[in-house]
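Reading through the structure tokens given below for one structure.
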Amino acid sequence: QVQLVESGGGLVQPGGSLRLSCAASGFILYYYAIGWFRQAPGKEREGVSCISSSDGITYYADSVKGRFTISRDNAKNTVYLQMNGLKPEDTAVYYCATDLSTLWGSSCPPRSYDYDYWGQGTQVTVSS
């Protein structure tokens, strides 16, 4: 049974840091691209970052480039999103997702609807 479980969200002050985890089960995430998305109240879901399969090439939205880092621990079958320099506009529910129906190689699925498995989300709130 394929499952993605996010954790690590919480309340943090502006400028602070959080590390989100996405633990996978039912498949080996090394072989698939894993994306992080976020959705703030009243806004559309936004792609934040992605790590490609095997060679682990990383991609970032311009809004988080230089502040967020995506990484993968193959032994733990887990992907992380290290978030530094958090801003109030980073407040959202964060989701990880994967597409098990397509081999994307060194690329990542370009659109949210390309992903077919999603976690339940973890809330990140940046506020003083």
Subject >> Validation row: L20, V124 side chains within 4.5 angstrom (heavy atoms) >> reply: yes

Original post:
Are Y115 and L100 connected in a single hydrophobic cluster, I mean Ile/Leu/Val/Met/Phe/Trp/Tyr linked by side-chain heavy atoms less than 4.5 Å apart?
Top reply: no

Original post:
Any chance NZ of K43 has more than 12 other-residue heavy atoms, nucleotides or ligands included, within less than 6.0 Å?
Top reply: no

Subject >> Under 3.5 Å: donor-acceptor pair, side chain of Y60, backbone of I70 >> reply: yes

Original post:
Where do C96 and I34 come nearest, in terms of heavy atoms and distance?
Top reply: CB-CG2, 4.5 Å

**OP:** Please name the pair of heavy atoms, one in Q123 and one in T91, separated by the smallest distance, quoted to 0.1 Å.
**Re:** NE2-CG2, 4.0 Å

Original post:
CG of L103: more than 12 outside heavy atoms within 6.0 angstrom?
Top reply: no

Subject >> Heavy-atom closest contact (C22 atom, L4 atom, distance) >> reply: SG-CD2, 3.8 Å

Subject >> Any donor-acceptor N/O pair, E6 side chain to Q120 backbone, under 3.5 Å >> reply: yes

Subject >> Derivation of the ring pair (Phe, Tyr, Trp, His ring centres under 6.0 Å) call for F37 and W118 >> reply: CA-CA 10 Å; F37 292 80; W118 293 78; 4.9 Å; yes

**OP:** To the nearest 0.5 angstrom, please state how far the OG atom of S71 sits from the CD atom of Q82.
**Re:** 8.0 Å

Subject >> Cluster companions of Y59 among Ile, Leu, Val, Met, Phe, Trp, Tyr (side-chain spacing under 4.5 Å) >> reply: I57

Subject >> Heavy-atom side-chain proximity of S127 to P88 below 4.5 angstrom >> reply: no

Original post:
Should we say atom CD of E44 is surrounded by more than 12 heavy atoms from elsewhere, each under 6.0 Å from it?
Top reply: no

Original post:
According to a 4.5 Å side-chain heavy-atom criterion applied to Ile, Leu, Val, Met, Phe, Trp and Tyr, with indirect links allowed, do V93 and Y80 form part of one hydrophobic cluster?
Top reply: no

**OP:** Look at the side chain of S53 and the backbone N and O of G105, then say whether any donor-acceptor pair between them is shorter than 3.5 Å.
**Re:** yes

**OP:** Decide whether D73 and T78 meet the rule of one side-chain donor and one side-chain acceptor closer than 3.5 Å.
**Re:** no

Original post:
Hey, what do you get for OG (S128) to CD (Q13), rounding to the nearest 0.5 Å?
Top reply: 7.0 Å

Original post:
Could you go step by step and tell me if E46 and S63 meet the side chain to side chain contact (heavy atoms under 4.5 Å, CB included) rule?
Top reply: CA-CA 10 Å; E46 172 190 19; S63 58; 3.4 Å; yes

Original post:
Under 3.5 Å, side chain of N84 to main-chain N/O of G16, donor-acceptor pair present?
Top reply: no

Original post:
Got a second to check how far M83's CE is from Y94's OH, nearest 0.5 Å?
Top reply: 5.0 Å

**OP:** Report yes or no: does R72 contribute a side-chain atom to a donor-acceptor pair with the main-chain N or O of S52 at less than 3.5 Å?
**Re:** yes

Subject >> N/O donor-acceptor pair under 3.5 Å between N77 side chain and F27 backbone >> reply: yes

**OP:** Rounded to the nearest 0.5 Å, what's the gap from CH2 on W36 to CG on L81? Could you check?
**Re:** 6.0 Å

Original post:
Linking I/L/V/M/F/W/Y whenever any side-chain heavy atoms sit under 4.5 Å apart, do Y31 and V79 land together?
Top reply: yes

Original post:
Do any N or O atoms from the side chain of T98 and from the backbone of A33 form a donor-acceptor pair under 3.5 angstrom?
Top reply: yes

Subject >> Exercise: identify the closest heavy-atom pair between A40 and A92 >> reply: N-CB, 3.8 Å

Original post:
In terms of hydrophobic clusters joined by side-chain contacts under 4.5 Å, are I51 and I28 together?
Top reply: yes

Subject >> Heavy-atom pair with the smallest gap, counting every atom of Y95 and G119 >> reply: CD2-O, 3.6 Å

Original post:
So which heavy atom on L18 is nearest to which on G8, and how close?
Top reply: CD2-O, 3.8 Å

Original post:
With D90, which residues qualify under salt bridge (charged side-chain N to carboxylate O under 4.0 Å, His left out), at least two apart?
Top reply: R38, R67

